[in-house]
Amino acid sequence: MSALKKDFLWGGAVAANQCEGAYIEAGKGLSTADLMTAGGKKMPRRYTMGIEPRAYYPSHDAIDFYHKYKEDIALFAEMGFKVFRTSINWARIFPNGDDSEPNEEGLKFYDSLFDECLKYGMQPLVTLSHYETPYSLVERFGSWRNRRMVEIFERYAVTVFNRYRGKVKMWLTFNEINILASGEQGLVMAAGIRLEEDEDERKVALKVAHHMFLASAAAVKAGHRIDPENKIGMMMLYSTPYAINCDPANQLELLYRQEESMFYFSDVQVRGAYSPRARKIIQQVQANLEEQPGDEILLEDGKVDFIGFSYYMSNVISVKKDSQQQGNFISGDIKNPFLSYSEWGWAIDPTGLRIALNQLYGRYGIPLFIVENGFGAVDSFEKDGAIRDEYRIKYLKEHIQALKDSVEQDGVDLMGYTTWGCIDLISAGTGEMSKRYGFVYVDRDDCGNGTLERKKKDSFYWYRKVIGSNGECL
Ligand code: BGP
């Protein structure tokens, strides 16, 4: 007997801007992600003011999923996927974000993509906003700094809820909404916002978050009204934090970081209100959210049905303020001596996933969904042409074991598991292609060269076995 329920949702996840390409095809407008240049381990991506003729923007062609999705979905079906997580690119539907009519060609593309999934009995799980915003909204309104975005987003959400009614029943509002707690880079990724000189990033982030909370709540409300069968979740980045030692000062710091960078966000979206601790944070930061009458009711009415989260690693927190010892909530500078690390410096920690599941389920008691987990690594071909990615299999195997233990032994209610980048795609953090997560290899390099040909890795056959046995054969 499997530890997991019979209808456990196994699958994989991608995001529009990291795989589709076709960045201005079929009426699509420019999105913030289309202005992010390629970077590398030591070279940050740049967010340019317009398209620079000499720069390379990996989202423009990505892995050309826009034209190859039938081939790719067939490969996912061959692995037995029950669910496929992707995002709708808002700028394909409303090229300027708030056009008077939606772009029919864009709507048709997703019709056809979702039909293709359903053909194989694979449910789409759709993120409304995954690290991209129509760029026109940044230029005209300053993006999510502006409260007008709430109704603009609601209109976009209503349009796609109506259009895909009956086809899509599982949704996520904002990808990793708590990335907003990670400084300017987070503001760029989540909202395409550039800070003015001397502007306090935390003040801006809390205001942006307030607008996104309202937009998410409005979308949840509308989604439930349009189709009562819709299940709509929040999505957060969960990186399990440990204090560097048992010094109470470090333990307190750990608690504060967790509140500020994670629970601040999930409390509002799950419980429908700012917690007393969140109110203190707003006060201490002296953020002016410009709340309006009705906001509290909307947040209460727009509570999510489940919590989706990404989990890749844990990190270490210290109260010491020198930069080498600080750590942050994504991937700190402090190494954990009990763990090994990926080539990109991400701690490999399956027990951290079990802790995350317990922390979230213990705090909220609503269903959880691991919507991203995976191992970014450089893959190479053997002489016989095979890709023997046993390092990826090992990582996934250990994490699946941890999630099974948390269900079976700890009683966590887990809906499903979608591995990140089930097909190789563009890295969000670095813009590289060589940081590969897929079961399917894509022939493309960091400069955009390659045939785009797809090839199954060893992990492809392994994951098919895992799904076929509902997680029993790891
Ligand atoms: C999450 C994002 C994804 C994805 C993943 C892996 O934060 O939601 O979009 O890319 O991380 O990160 P990276 O691509 O930087 O390796």
Side-chain angles (χ1 to χ4, degrees), residues 12-20 31-34 36-45 47 58-59 62-63 65 84-89 125-133 172-183 185-192 212 233-240 261-262 265 307-315 328-331 341-348 353 356 369-379 391-392 395-396 399 417-438 442 444 446:
V14 301
N17 78 82
Q18 290 170 260
C19 71
E20 284 177 5
S31 90
T32 51
D34 299 323
M36 296 290 292
T37 64
K41 279 197 199 103
K42 299 226 163 80
M43 188 182 42
R45 302 185 77 175
Y47 174 44
S59 80
I63 60 161
F65 181 74
F84 173 56
R85 175 180 174 226
T86 188
S87 62
I88 293 179
N89 189 324
L125 163 61
V126 176
T127 316
L128 290 170
S129 175
H130 191 128
Y131 288 163
E132 60 188 332
T133 307
L172 296 163
T173 54
F174 292 95
N175 183 63
E176 298 191 332
I177 189 164
N178 56 324
I179 193 86
L180 289 171
S182 68
Q185 189 60 17
L187 281 164
V188 170
M189 300 266 276
M212 286 189 172
M234 70 157 301
M235 163 31 174
M236 73 191 297
L237 183 166
Y238 209 99
S239 167
T240 305
S261 61
M262 296 197 277
F265 298 84
I307 300 171
F309 70 99
S310 63
Y311 176 83
Y312 293 90
M313 66 190 133
S314 57
N315 68 90
N328 68 39
F329 88 105
I330 302 182
S331 58
Y341 283 78
S342 82
E343 244 186 84
W344 276 263
W346 291 14
I348 302 171
L353 173 60
F369 201 139
I370 302 166
V371 296
E372 286 185 31
N373 173 238
F375 190 63
V378 174
D379 291 325
Y391 36 90
R392 182 168 296 110
Y395 177 97
L396 295 172
H399 285 75
Y417 175 74
T418 53
T419 63
W420 175 251
C422 43
I423 181 165
D424 292 347
L425 38 60
I426 306 296
S427 155
T430 65
E432 291 165 294
M433 193 62 212
S434 50
K435 189 181 187 189
R436 296 173 184 272
Y437 287 88
V442 176
R444 191 171 183 82
D446 289 340

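Positions are given from 1, in the same order as the sequence printed here. Here the structure is a predicted model, which is why all the values come from computation and not from measurement. Ligands are counted one by one from 1 in listed order, and the atoms in each one are counted from 1 as well.
- By the side chain to side chain donor-acceptor pair (under 3.5 Å) test, Asn17 is found to be paired with no residue, residues two or more places apart in sequence or in another chain being considered.
- Donor-acceptor pairing under 3.5 Å is lacking for the side chains of Gln18 and Trp420.
- Within 4.0 Å of ligand 1, protein heavy atoms come from Gln18, His130, Tyr131, Asn175, Glu176, Tyr312, Trp346, Glu372, Trp420, Ser427, Ala428, Gly429, Lys435, Tyr437.
- Remark: Tyr391 pairs with Asp379 by the side chain to side chain donor-acceptor pair (under 3.5 Å) rule, at least two apart or across chains.
- With sequence neighbours excluded, the residues satisfying side chain to side chain donor-acceptor pair (under 3.5 Å) with Asp446 are Ser434.
- Between Gly431 and Pro58 the shortest heavy-atom distance is O-CG, 3.5 Å.
- Ring geometry, Trp346 versus Tyr437: the interplanar angle falls from 30° to 60°, so the pair is classed tilted.
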